[in-house]
Amino acid sequence: MSKELYIYNSLSRNKDLFQPLNAPHVGLYVCGPTVYANVHLGNCRTFMFFDVVYRYLTHLGYKVRYVRNITDVGHITSTFDDGVDRIGQQARLEQLEPMEIVQKYTNYFHEMMRVFNNHSPSIEPTATGHMIEQIEMIKKILDQGFAYEVNGSIYFDVQAYRAKYPYGELSGRNVEELYENTRTLDGQDEKKFFADFALWKAASPEHIMRWPSPWGEGFPGWHLECSAMSTKYLGEQFDIHGGGMDLKFPHHESEIAQNTACCGKGPVKYWMHSNMLTVNGQKMSKSLGNSFLPHELFAGDHPLLEKGFGPQVVRFFMMQAHYRSTLDFSNEALSAAEKGYERMMAAYMAIEECKPSAQSDADIDALEARCYDAMGDDFNTPILIAELFEAVRLINGCKNGQQALTADQLAQLKKIMTHFLMDVMGLQTPESASNVELPNIMMDAVFEVRKGLKEKKDYATADMLRDAFSSRNIVLKDTKDGGEWTYEKK
RNA sequence: GGUCCUGUGGCCGAGCGGCUAGGCAGAGCUCUGCAAAAGCUUGUACAGCGGUUCGAAUCCGCUCGGGACCUCCA
C-alpha cells in the first residue's frame with residue numbers, strides 16, 4: 001500500500017513528493033485571520049482544508065507542529081494613507097477599545113472553528129504578543145543592508161534584495177512589469193522604490209495601536225508578523241506554509257524576501273495555496289458584499305439562502321471539491337451535499353447491523369489503498385469521497401443480503417471509514433455533531449399519534465404506545481397541549 | 001493593460017493522452033400494505049474552430065466566455 005504524499009508546491013509549480021526536513025517532525029504554518037470582523041464562509045474553507053492537512057499528516061504518523069496566527073494588529077489599508085488600520089477603524093465604529101474588537105472577533109472565529117470541528121492549532125500566536133520578535137527581525141534585516149529608515153518608518157529595500165536574491169519567484173511576476181502596471185504613485189511617498197514595503201510604520205498622533213521601537217512609536221508592517229512568528233516557533237526553515245490564494249502576492253512573496261534577507265535562506269519547503277469560495281462565479285469577500293457568515297448559513301438566515309445547512313453538511317460540501325479549484329456556492333449544490341452526507345453517515349452507522357459471511361469476493365484492501373492514493377495525490381478529497389461511496393454501496397448491499405462480506409472485512413470497512421471520514425476529513429455523525437433537540441422532536445411526533453388515537457377512542461393502541469415507552473424507562477405524561485416525557489431513573 | 005487560472009452531462013464536481021469518477025436530480029426494475037430507504041440497470045458530456053497523434057475532454061494554436069492577482073483580503 002502506497003502512503004507516499006505528493007503536495008502541489010506553489011513555488012515549484014509541481015506536485016512534489018513530501019519529504020519533511022526533520023522527519024517525523026513536520027512544521028506547518030497557516031496564515032490566520034485578521035480579527036476586525038467575523039470570519040465569513042470563504043475564510044472558513046481555507047482553515048477547514050488546512051485542518052485536513054494537519055489531520056492527514058498526523059494520521060500518517062508525523063509529529064506535526066501546527067502554527068496558525070491571529071492578526072490583531074491592524075494592517076494599514078493603503079501604503080499611502082496615514083496609518084488607518086482596519087482594527088482601529090472598526091474600534092471607532094463600534095466605540096470599543098481596539099483590543100475589545102480583537103477579542104470579540106477572535107471569539108467568533110474560535111467558535112466557528114469549533115463548530116466546524118477543526119482541531120486547534122498547536123500554537124496560535126498573536127501579532128501583538130510578538131512585538132519584540134518582530135523588532136528583532138527588522139534589526140537583522142537592517143544589519144544585512146536590506147532595509148532603510150525614513151522618518152521613523154522602516155522599508156524593505158527591494159532593489160538591494162534583488163541584487164542578491166531573486167524576487168517574485170512564488171507569484172511569478174517580475175518587478176519591471178509590476179512597475180508598468182502599478183497605479184499612479186503618490187509623490188509624497190517615502191519609499192525609495194515603488195515595490196518597497198513597510199517593515200515598520202511610524203504612528204501618526206491619532207493612531208491608537210502603537211508600540212515603542214528603536215525608531216520611535218509605531219506598528220509593524222503587515223507581512224512581518226508571519227515571518228517573525230514562523231521563525232520563532234518553526235525555525236528558519238520549515239516544511240509547509242499555507243494560506244489562501246489571495247495571499248500569494250504580495251504577502252507570501254514578502255515573507256520569503258524578509259526571511260531570506262534576515263537568515264540568508266528561503267523559509268519554506270512547500271508552499272500551499274487554497275482556492276477561493278465563489279458566489280455566482282465571484283470570489284466571496286467582504287468588500288464585494290457577497291459574503292455570508294457561518295451562523296447565517298446554519299440558520300438559513302440570508303437572502304441568498306433558501307434554507308439552513310448544518311456545519312457538517314457544509315464541511316462535506318467543501319470536501320467534495322479539490323482545494324485548488326474554486327468552489328461555487330449554491331443552494332442546489334448544498335442540498336445535494338446534504339443528501340450525500342446523510343447517505344454516507346447512514347451507511348457508516350449501519351455497519352454493525354450487517355451480518356458477516358464466511359466468504360466474500362470484495363477487495364477491501366484495494367479500496368483502502370485507493371483511499372490513501374487519493375489523499376496522497378495532493379489531498380484529493382473528492383476522489384476519497386468517491387471511494388468511500390464505494391464502501392457505502394458494499395455496506396448497504398451487505399445489509400440487504402446482496403453483498404457478502406466477512407467479519408474481518410466489515411471491521412476493516414469500519415476502520416477505513418472512521419479513519420478517513422472522521423479522523424482525516426474531520427466529519428462527524430449527525431448525532432455527535434448536534435442535536436439535543438432530536439429526542440424532543442421525536443417525542444412530539446409520538447404525542448401527536450397518541451392524540452389521534454385518543455380522538456378515535458383507540459385507547460388500547462394509545463396505551464400500547466405508552467407502555468412501550470415505559471418499558472424502556474421513559475414516562476409519557478399527557479397535558480392539555482400535548483405531552484411531557486421524562487426518563488425514569490432507576 | 002500585465003501575470004496566471006479556468007470553461008466537463010439538468011446541477012455540483014473529479015479526471016488531464018487509450019481504461020465506469022462520484023454525489024444530487026431523472027428514467028426503468030427489485031423489494032414493499034402505503035410511503036421511505038436500499039440495491040440493480042440506464043440516458044444525455046467534455047465552450048467553438050483548427051492542429052499534433054494510431055488514438056485527445058486530456059497536448060499545441062486561435063476564437064469566444066468566466067475568474068483571481070497586480071491595493072487590505074482565506
Side-chain angles (χ1 to χ4, degrees), chain A residues 10 13 30-34 36-37 39-50 68 71 74-81 84-87 89 109 168 171-183 195 197 222-223 242-253 273-278 280-288 291 316-317 319-344 346-347 350 370 374 377 380-390 392-403:
Chain A
S10 304
R13 286 148 222 271
V30 173
C31 291
T34 306
Y36 71 98
V39 266
H40 67 246
L41 202 63
N43 302 315
C44 292
R45 182 186 183 192
T46 298
F47 300 126
M48 249 184 259
F49 168 67
F50 284 105
R68 187 185 64 206
T71 298
H75 295 154
I76 44 180
T77 48
S78 146
T79 327
F80 308 117
D81 63 29
V84 176
D85 74 84
R86 296 253 161 165
I87 291 170
Q89 214 168 30
F109 172 68
S171 55
R173 45 193 92 204
N174 70 65
V175 172
E176 284 74 17
E177 278 168 2
L178 273 175
Y179 183 70
E180 285 170 23
N181 301 299
T182 301
R183 287 156 209 184
F197 53 89
W222 69 286
H223 311 304
M245 285 268 195
D246 49 359
L247 258 36
K248 213 172 185 179
F249 187 89
H251 185 58
H252 292 332
E253 199 71 75
H273 294 278
S274 63
N275 217 138
M276 301 292 106
L277 183 68
T278 61
N280 296 323
Q282 275 216 314
K283 173 182 173 180
M284 180 182 284
S285 78
K286 266 203 81 183
S287 48
L288 285 167
S291 67
F316 189 78
F317 167 70
M319 293 296 138
Q320 277 191 301
H322 187 82
Y323 77 95
R324 280 189 290 117
S325 302
T326 55
L327 172 62
D328 200 56
F329 170 89
S330 73
N331 284 283
E332 294 79 7
L334 252 325
S335 294
E338 183 172 47
K339 291 269 181 62
Y341 165 76
E342 282 164 1
R343 194 158 86 90
M344 179 75 77
R370 276 184 270 123
D377 183 14
N380 199 324
T381 52
I383 298 265
L384 207 216
I385 289 175
E387 297 298 347
L388 292 176
F389 271 112
E390 176 62 27
V392 168
R393 194 151 0 114
L394 290 172
I395 292 163
N396 285 331
C398 183
K399 206 173 116 195
N400 288 356
Q402 293 168 352
Q403 169 72 50

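Everything quoted here is computed from the prediction, not taken from an experiment. Letters A, B, ... are given to chains in the order of the sequence lines, protein chains preceding strands, and every chain is numbered from 1.
Counting non-hydrogen atoms under 4.0 angstrom, Asn174(A) reaches nothing in the nucleic acid. His40(A) comes within 4.0 angstrom of a nucleotide base, judged by non-hydrogen atoms across all strands. Counting any heavy atom pair closer than 4.0 Å across all strands shown, Arg343(A) reaches sugar-phosphate atoms only and no base atom.
Spacing between atom NZ of Lys339(A) and atom P of A36(B) amounts to 12 Å, rounded to whole angstrom units. Distance Asp246(A) CG to C5(B) C1': 14 Å, rounded to the nearest Å. With rounding to whole Å, Asp377(A) atom CG is found 18 Å from G22(B) atom P. Between the CZ atom of Phe317(A) and the P atom of G13(B) there is a distance of 7 Å, given to the nearest Å. If you measure from atom CD1 of Ile385(A) to atom C1' of G13(B), you get 10 Å, rounded to the nearest angstrom. Atom CD in Gln320(A) sits roughly 14 Å away from atom P in G15(B) (whole-Å rounding). Between Glu342(A) atom CD and A36(B) atom P there is a gap of 16 Å when expressed in whole angstrom units. The CG atom of Leu288(A) sits 7 Å away from the P atom of A68(B) (whole-angstrom rounding).
Annotation: side-chain hydrogen bond (donor to acceptor under 3.5 Å, both in side chains) contacts of Asn396(A) (sequence neighbours excluded): none.
Here C70(B) is the nucleotide among C70(B), G15(B), C40(B) with the atom lying nearest to any side-chain atom of Arg173(A). For Phe249(A), the side-chain atoms get nearest to C70(B) when compared with the rest of A74(B), G67(B), C70(B). Considering only side-chain atoms of Asn380(A), the nucleotide from G22(B), A74(B), A14(B) that sits closest is A14(B).
Each of Gly42(A) and Ala321(A) was matched to the nucleotide of RNA chain B holding its nearest heavy atom; the match closer to the 5' end belongs to Ala321(A). Sequence order on RNA chain B of the closest nucleotides to Ala333(A) and Pro382(A) puts Ala333(A) first from the 5' end.
Residue Lys283(A) places a side-chain atom within donor-acceptor reach of the base of C73(B), judged by atom type and a 3.5 Å distance cut-off alone. One donor-acceptor pair, N or O on each side, does fall under 3.5 Å between the base of C72(B) and the side chain of Arg86(A).
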- prompt: If pairs are Watson-Crick or G-U with both distances under 3.5 Å, what is the dot-bracket string of RNA chain B, marking crossing pairs with [ ] and pairs to another strand with |?
  reply: (((((((..(((.....[...))).(((((.......)))))....(((((..]....))))))))))))....
- request: Evaluate side-chain contact (heavy atoms from CB on, under 4.5 Å) for Leu41(A) paired with Leu277(A), printing each intermediate quantity in order.
  value: CA-CA 8 Å; Leu41(A) 202 63; Leu277(A) 183 68; 4.0 Å; yes
- request: Could you please spell out the steps behind the side-chain contact (heavy atoms from CB on, under 4.5 Å) verdict for Phe317(A) and Leu327(A)?
  value: CA-CA 9 Å; Phe317(A) 167 70; Leu327(A) 172 62; 3.6 Å; yes
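Side-chain atoms of Asp377(A) do not come within 3.5 Å of backbone N or O of Asn380(A) as any donor-acceptor pair.
The salt bridge (charged side-chain N to carboxylate O under 4.0 Å, His left out) pairs that include a residue from residues 380-390 of chain A are Arg370(A)-Glu387(A), Glu390(A)-Arg393(A), where partners are two or more places apart or lie in different chains.
Relative orientation of the Phe109(A) and Phe47(A) rings is perpendicular, given thresholds of 30° and 60° on the angle between their planes.
Cation-pi geometry between Arg173(A) and Phe249(A) is met: the NZ or CZ atom falls under 6.0 Å from the ring centre, inside 45° of the normal.
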